[in-house]
Amino acid sequence: QVQLVESGGGLVQAGGSLRLSCRASGGTFSTYDMGWFRQAPGKEREFAAAISRSGRNTGHASSVKGRFTISRDNAKNTVYLQMNGLKPEDTAVYYCAAGNFMSMTEYVYNYWGQGTQVTVSS
């Protein structure tokens with residue numbers, strides 16, 4: 001059983017930056033593909049970024065491409081989401097997820113964190 005704990009959320013002004021972290025425990029982190037998803041108030045959860053277990057392959061949603069970067073450090077059992085150029089529409093609860101496939105689809109991920117709130121003020 002893998003436990004995921006996100007951190008790094010907070011309140012930031014538009015144009016600012018945040019780096020989210022998600023630390024895994026209870027499993028072999030390097031054997032999981034990882035994803036970041038987000039859910040804004042009143043909206044469905046949506047894909048933000050994903051990274052393969054080796055870190056060699058990444059994917060980003062078109063809405064965040066060029067502003068957000070996913071990365072991982074397998075030695076630290078941690079996946080990151082560097083968010084630059086934040087916009088008010090990026091306001092959401094951000095979740096990390098672990099699974100056996102790198103995908104934009106949330107249903108393929110087996111394990112989820114509790115989420116961390118990101119609020120971007122205009």
What's the separation between atom CD in Glu6 and atom CD in Gln117, rounded to the nearest 0.5 Å?
12.0 Å
Closest approach of Asn110 to Gly99 (non-hydrogen atoms, all atoms of both residues):
OD1-CA, 3.7 Å
Face-on cation placement of Arg19 at Tyr80 ring, 6.0 Å and 45° thresholds
yes
Contact between Tyr111 and Met34 at the side-chain level, heavy atoms closer than 4.5 Å - yes or no?
no
Closest non-hydrogen atom pair, Arg38 against Ala92
CB-CB, 3.9 Å
May I ask you to check whether Ser17 and Asn84 show a side-chain donor-acceptor distance below 3.5 Å?
yes
Would you name the heavy atoms of Ser21 and Thr78 that are closest together and state the gap between them?
CB-CG2, 4.2 Å
Less than 4.5 Å apart, any side-chain heavy atom of Arg53 and any of Ser30?
no
Within one Ile-Leu-Val-Met-Phe-Trp-Tyr cluster: Trp112 and Met104, side-chain cutoff 4.5 Å:
yes
Atom OG1 in Thr58, atom CG in Asp33: separation rounded to 0.5 Å?
12.0 Å
Against the six-membered ring of Tyr95, is Arg45 placed for a cation-pi contact (under 6.0 Å from the centre, within 45° of the normal)?
yes
So, do Arg67 and Lys87 sit near enough that their side-chain heavy atoms are less than 4.5 Å apart?
yes
Atom pair CZ/CZ of Arg56 and Arg72 - distance to nearest 0.5 Å:
11.0 Å
Side chain to side chain, Asp90 and Val118, heavy atoms closer than 4.5 Å
no
Indicate yes or no: at least one non-hydrogen side-chain atom of Trp36 is less than 4.5 angstrom from one of Cys22.
yes
Rounded to the nearest 0.5 Å, how far does CE of Met83 lie from CG of Leu18?
4.5 Å
What heavy-atom pair brings Thr91 and Pro41 nearest, and what distance separates the two atoms?
O-CD, 4.3 Å
Is Gln39 close to Tyr94 at the side-chain level, that is, under 4.5 Å between some pair of heavy atoms?
no
Indicate the ring-plane relationship of Phe47 and Phe37, choosing parallel, tilted or perpendicular according to the 30° and 60° boundaries.
perpendicular
Backbone N/O of Ile70 and side chain of His60: donor-acceptor pair under 3.5 Å:
yes
What distance do Leu86 atom CG and Phe68 atom CZ have between them, rounded to the nearest 0.5 Å?
5.0 Å
Closest non-hydrogen atom pair between Ser122 and Pro88, with its separation
CB-CG, 3.8 Å
Taking all atoms of both residues into account, what is the closest heavy-atom pair of Gly115 and Val93, and its distance?
CA-CG1, 3.8 Å
Side chains of Ile51 and Asn57: does their closest heavy-atom pair fall under 4.5 Å?
no
Hey, are the side chains of Tyr32 and Tyr109 touching, using non-hydrogen atoms and a 4.5 Å cut-off?
no
For the atom pair CD (Gln1) and OG (Ser25), what is the distance rounded to the nearest 0.5 Å?
10.0 Å
